[in-house]
Amino acid sequence: MKKDEFLVALEDILQTEDSIDVNQNLDEMEEWDSLSKMAVMAYYKKNFEIAITLNDLKDIKTPVDLIKLAGEKIDD
C-alpha cells in the first residue's frame, strides 16, 4: 500500500473531512479517541494481518508512527 492511500484510509477511519499530513499530531485531533484507535487496530488486522494493541498505540503521535508500525506493508 502506498503512503497516500494509507492517509486517505486514516481520514476515513477518523471520519474527518480534513486532509491528514504525515507529521500531524494525532493527539491534537478530537477524532483520535479510543474508538478510532480500536478502528485502527481492526484496520491493521484486516489489511496488514498485523495484530496491534492499545498499548502499541500509546506512543503513536503522528501518522508517520502508524506507518512505521505497519513496517514494509506501507511504502512511498
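Keep in mind that this is a model prediction, so the values were computed, not measured. Scope of the values below: all heavy atoms of this structure, side chains included, with no hydrogens, waters or symmetry mates.
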Chi angles and distances behind the side-chain contact (heavy atoms from CB on, under 4.5 Å) call for L66, Y44: CA-CA 10 Å; L66 286 171; Y44 272 61; 3.4 Å; yes

Would you mind listing every salt bridge (charged side-chain N to carboxylate O under 4.0 Å, His left out) that reaches into residues 50-76, with sequence neighbours excluded?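 Qualifying pairs, neighbours excluded: K2-D75, K3-D76, D27-K61.
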
With sequence neighbours excluded, give me every salt bridge (charged side-chain N to carboxylate O under 4.0 Å, His left out) pair touching residues 10-26.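 Counting only pairs at least two positions apart or across chains, no salt bridge (charged side-chain N to carboxylate O under 4.0 Å, His left out) contact touches residues 10-26.
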
Tell me whether [X] shares a hydrophobic cluster with [Y], the cluster being built from Ile, Leu, Val, Met, Phe, Trp, Tyr side chains joined at under 4.5 Å.
X: V8; Y: I67; value: no
X: Y43; Y: L35; value: no
X: L26; Y: V64; value: yes

Only counting residues at least two apart or in another chain, list the ones meeting side chain to side chain contact (heavy atoms under 4.5 Å, CB included) with M38.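 With sequence neighbours excluded, M38 shows a side chain to side chain contact (heavy atoms under 4.5 Å, CB included) to M41, L54, given in chain and number order.
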
Work out which heavy atom in I20 is nearest to a heavy atom in P63; give both atom names and the distance.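 Of all heavy-atom pairs spanning I20 and P63, the closest is CG2-CG, 3.6 Å.
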
So, taking the atom named [atom1] in [X] and the one named [atom2] in [Y], what distance separates them when rounded to the nearest 0.5 Å?
X: L7; Y: I13; atom1: CG; atom2: CD1; answer: 10.5 Å
X: L10; Y: Q24; atom1: CG; atom2: CD; answer: 9.0 Å
X: I74; Y: D4; atom1: CD1; atom2: CG; answer: 11.0 Å

What orientation do F6 and F48 show, parallel under 30°, tilted 30 to 60°, or perpendicular over 60°?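 Aromatic pair F6/F48 classed tilted.
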
So do L69 and L57 actually touch side chain to side chain, heavy atoms under 4.5 Å?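 Heavy-atom side-chain distance check passes, below 4.5 Å.
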
Indicate yes or no: at least one non-hydrogen side-chain atom of V40 is less than 4.5 angstrom from one of I52.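 In contact.
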
